[in-house]
Number of protein chains: 2
Amino acid sequence: MVTIKDVAREAGVSVATVSRVLNDNGYVGADTRKKVMEAIAELNYSPNEVARSLYKRESRLIGLLLPDITNPFFPQLARGVEDELSEAGYRLLLGNSDENIQKELDYIQTFVQNNVVGIITATNHVDYKIYEALDLPLVLLDRASENYPAVYADGREGGLLAAKTLIKKGAQRITLVKGPTNIKPAQDRYKGAIEELSQADVDFSVLSTTSYSFEDAQGWAEELFDKFPDTDGIIASNDIVGIAIVHEALERGKRIPEDVQIIGYDDIPQSRLSYPTLSTIRQPAYEMGREAAKLLIRTIKKEPGVEQTIQMPVELVERKTTRKE
Amino acid sequence: MVTIKDVAREAGVSVATVSRVLNDNGYVGADTRKKVMEAIAELNYSPNEVARSLYKRESRLIGLLLPDITNPFFPQLARGVEDELSEAGYRLLLGNSDENIQKELDYIQTFVQNNVVGIITATNHVDYKIYEALDLPLVLLDRASENYPAVYADGREGGLLAAKTLIKKGAQRITLVKGPTNIKPAQDRYKGAIEELSQADVDFSVLSTTSYSFEDAQGWAEELFDKFPDTDGIIASNDIVGIAIVHEALERGKRIPEDVQIIGYDDIPQSRLSYPTLSTIRQPAYEMGREAAKLLIRTIKKEPGVEQTIQMPVELVERKTTRKE
DNA sequence: ACTTTATCTGTAACCGGTTACACATAGAGG
DNA sequence: CCTCTATGTGTAACCGGTTACAGATAAAGT
């Protein structure tokens with residue numbers, strides 16, 4: 001490994017001088033700078049971030065904690081975060097928590113141990129005490145909180161919108177799929193939908209589910225039609241479940257959207273590719289990731305007047321699983 | 001931040017002793033150990049990985065470079081890698097390269113600067129010189145190479161299998177979708193299919209595509225049916241494109257699999273949820289990730305007799321877009 | 001001509017760990 | 001009783017950077 005000492009020797013100066021040209025601070029003579037630059041190029045030197053991080057007590061690393069990168073909503077978030085951060089020179093330490101407290105704690109500890117300058121987390125245990133003890137900039141993503149800056153889309157609004165849409169389009173016997181209880185945003189959109197449904201002039205029923213995974217989605221879809229065979233409007237807990245429901249509906253010979261309308265949530269990329277294309281409530285995942293990263297960077301740089309919370313707009317995307325009016 | 005010195009003071013011993021109990025090496029008296037443990041618990045101390053990494057010249061970090069986490073094939077790989085690594089106490093530094101050389105170089109440099117102990121890369125520029133200069137354990141994932149250990153599935157075999165399947169099931173005018181030229185595995189499976197098709201007794205044509213993205217997939221599908229409206233068997237370049245083609249076929253009133261059979265590649269989770277469910281050539285992505293991580297760990301630990309290359313089996317998954325015989 | 005100030009550079013301390021080495025003590029073996 | 005070895009602990013150097021501080025020189029101000 002070539003170190004700053006090697007460069008110093010090659011350039012015939014001290015390490016302090018090399019460090020000055022590297023960081024472009026302090027006084028350095030023009031020709032000295034040139035010699036150093038040449039030595040750096042000659043030796044193909046690049047500074048050891050670990051040493052720098054140790055002295056400065058901060059790295060250029062940022063910790064990103066997601067529930068599960070395998071769920072297609074999260075790669076979008078992650079990508080938004082990464083694009084924004086990498087443009088600003090930060091790098092990503094990634095963890096999947098599976099909504100498991102122990103894993104979450106482990107990753108948080110890793111982040112701290114590695115001197116990350118900030119953390120972005122999309123998990124549900126933010127009220128756990130380890131976060132309190134943390135004196136690091138923290139931004140919640142896809143989660144809201146009183147105590148920390150956060151970027152999220154309005155779940156209640158989304159739920160409201162989904163329900164309104166189905167009602168407006170004439171659904172009479174709506175089935176609402178309730179997402180996992182321990183996932184906050186799932187509950188928000190559920191409550192939003194309930195709010196709208198309870199005051200509207202329609203029948204509705206609720207199907208409780210406990211996961212978002214691909215493996216289980218089909219099971220929920222089957223259960224739904226077994227329990228509520230004559231439903232004519234379904235609000236899915238997310239697009240994965242929505243697509244599974246569309247699939248199962250067709251399998252059972254139902255016409256979409258004539259017999260049954262289905263509305264998803266998230267607008268993951270594959271919703272555009274499903275058949276028929278899935279109507280859904282869009283969350284701007286990629287942009288949410290970017291905003292979270294921006295917010296974190298501003299917090300890190302201690303810029304004044306940084307917003308505590310950014311609520312992203314939720315939007316109805318009408319495709320082919322809802323009627324044309 | 002609480003440091004080893006604080007612990008030493010609290011326990012009334014030297015930092016060396018604390019370090020010895022932390023690492024469980026050297027001699028430490030039983031009661032001294034107890035005092036130190038108590039101090040650690042008392043102060044809620046956890047060692048600074050950065051300092052450790054600096055002295056030892058190695059961290060517990062591993063760099064993972066992927067083309068694009070947003071493509072649903074890669075989260076599977078990433079998750080496999082992560083699960084295996086985190087069980088072994090390693091953590092992940094993640095980068096998306098977009099198959100862009102500059103980004104790739106930047107990330108490799110970051111990895112080196114952060115003292116990663118190994119790198120797993122799923123990109124196409126492995127022959128670029130920066131990898132040669134690297135004296136770090138390196139494992140290729142979803143890519144083959146003469147020069148580095150690699151974990152990949154047999155693309156040629158997969159292509160062969162896809163073509164054989166369609167032929168056996170009676171397709172007469174097959175369209176082969178050729179993936180992006182710069183993506184190696186895409187070319188392997190393309191060549192495998194060509195190999196089979198050329199010697200079989202069927203007509204076939206080729207549609208060249210230049211991306212795998214969701215945005216473009218539908219465009220390819222439209223182009224395909226515009227150019228080859230009477231094709232009755234399609235080998236898609238991957239599942240995303242495959243699903244888009246299924247979608248477009250239905251849109252154009254074709255019956256699947258009666259009028260046209262379609263076979264995808266990868267077996268991403270959503271292929272099971274498409275309608276009709278997509279027949280495809282499965283690559284065991286999650287397991288590939290795990291194997292790559294295992295291989296890397298063994299290389300890092302310098303275990304003897306580590307295989308250079310692991311070729312994972314490719315498998316036909318028959319679902320509803322191919323005929324029952 | 002003398003002080004002041006700006007510019008340039010090097011020495012050494014420091015970040016928080018790990019470990020080589022020295023030293024002390026105690027029990028074992030002769 | 002004396003040596004030898006095993007055990008236990010502390011001191012200080014070290015990893016590769018950054019930066020406070022000091023010293024040197026030259027230009028500017030009076």
Side-chain angles (χ1 to χ4, degrees), chain A residues 1-40 43-61 89 109-117 135, chain B residues 1-40 43-61 89 109-117 135:
Chain A
M1 179 194 282
V2 22
T3 74
I4 199 171
K5 279 181 198 152
D6 302 319
V7 175
R9 191 178 323 109
E10 175 80 15
V13 299
S14 75
V15 295
T17 301
V18 177
S19 179
R20 282 188 204 103
V21 346
L22 282 174
N23 297 288
D24 211 15
N25 59 18
Y27 294 110
V28 181
D31 46 345
T32 307
R33 161 169 278 113
K34 188 155 164 289
K35 274 190 303 185
V36 172
M37 302 284 255
E38 282 165 6
I40 289 174
L43 300 176
N44 193 20
Y45 165 76
S46 88
N48 182 324
E49 270 299 324
V50 176
R52 176 179 280 174
S53 168
L54 178 58
Y55 183 85
K56 309 254 281 187
R57 288 209 194 79
E58 61 170 54
S59 67
R60 288 175 188 170
L61 265 25
Q109 191 185 23
T110 301
F111 294 163
V112 171
Q113 290 183 314
N114 284 283
N115 277 3
V116 301
V117 280
D135 61 345
Chain B
M1 180 193 282
V2 22
T3 75
I4 200 172
K5 278 180 199 154
D6 302 320
V7 176
R9 190 176 328 110
E10 175 80 16
V13 299
S14 75
V15 294
T17 300
V18 177
S19 179
R20 282 191 278 261
V21 346
L22 281 174
N23 297 289
D24 211 12
N25 60 17
Y27 294 111
V28 182
D31 46 348
T32 307
R33 160 168 277 114
K34 186 152 166 291
K35 273 190 303 184
V36 171
M37 302 286 256
E38 281 166 6
I40 288 174
L43 300 176
N44 193 21
Y45 166 76
S46 87
N48 182 324
E49 270 299 322
V50 176
R52 175 179 282 173
S53 169
L54 178 57
Y55 183 85
K56 307 254 280 186
R57 288 210 196 77
E58 60 171 56
S59 66
R60 287 175 190 169
L61 265 23
Q109 190 185 21
T110 301
F111 293 164
V112 172
Q113 291 183 311
N114 284 284
N115 278 2
V116 300
V117 279
D135 62 343

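Every value quoted in this text rests on a predicted model; they were computed, and no experiment measured them. Below, chain A is the first sequence line, B the second, and so on; all start at residue 1.
- Without hydrogens or angle criteria, Q113(B) side chain to P47(A) main chain gives a donor-acceptor distance under 3.5 Å.
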Report task. If a protein heavy atom is under 4.0 Å from the base, mark B; if only from the sugar-phosphate, S; if neither, -; do that for nucleotides 15-24 of chain D going 5' to 3'. Result -> BBBBBB----

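- By the 4.5 Å heavy-atom criterion applied to side chains, V15(A) and K5(A) are counted as neighbours.
- Put simply, CZ on R52(A) and CG on L54(B) are 13.0 Å apart, with the number rounded to the nearest 0.5 Å.
- Ion pairing between a basic and an acidic side chain is recognised when a charged N comes within 4.0 Å of a carboxylate O; D31(B) and K34(B) show no such pairing.
- At most 12 non-hydrogen atoms from other residues, nucleotides or ligands lie less than 6.0 angstrom from CG of D135(A).
- If you take NZ of K34(B) and C1' of dG8(D), they are 18 Å apart, rounded to a whole angstrom.
- Looking at K35(A) and E38(A), no side-chain N of the basic residue comes within less than 4.0 Å of a carboxylate O on the acidic one, giving no salt bridge.
- Note that the OG atom of S14(A) and the CD1 atom of I4(A) stand 8.5 Å from one another [nearest 0.5 Å].
- Counting non-hydrogen atoms under 4.0 angstrom, S53(A) reaches nothing in the nucleic acid.
- Considering every non-hydrogen atom in both N44(A) and V2(A), the closest pair reads O-CG1, 4.3 Å.
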Show each protein N/O and nucleotides 22-28 of chain C N/O combination with a separation under 3.5 Å, one pair to a line.
none

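- An angle of 50°, rounded to 10°, separates the two end axes of the helix from dA1(C)-dT30(D) to dG30(C)-dC1(D), each defined over five pairs.
- With values rounded to the nearest 0.5 angstrom, N48(A) atom CG is found 9.5 Å from R57(B) atom CZ.
- The two residues M37(B) and V21(B) have their closest heavy-atom pair at SD-CG2, 4.2 Å.
- At the phosphate of dT7(C), OP1 or OP2 sits under 4.0 Å from a side-chain N or O atom of Y27(A).
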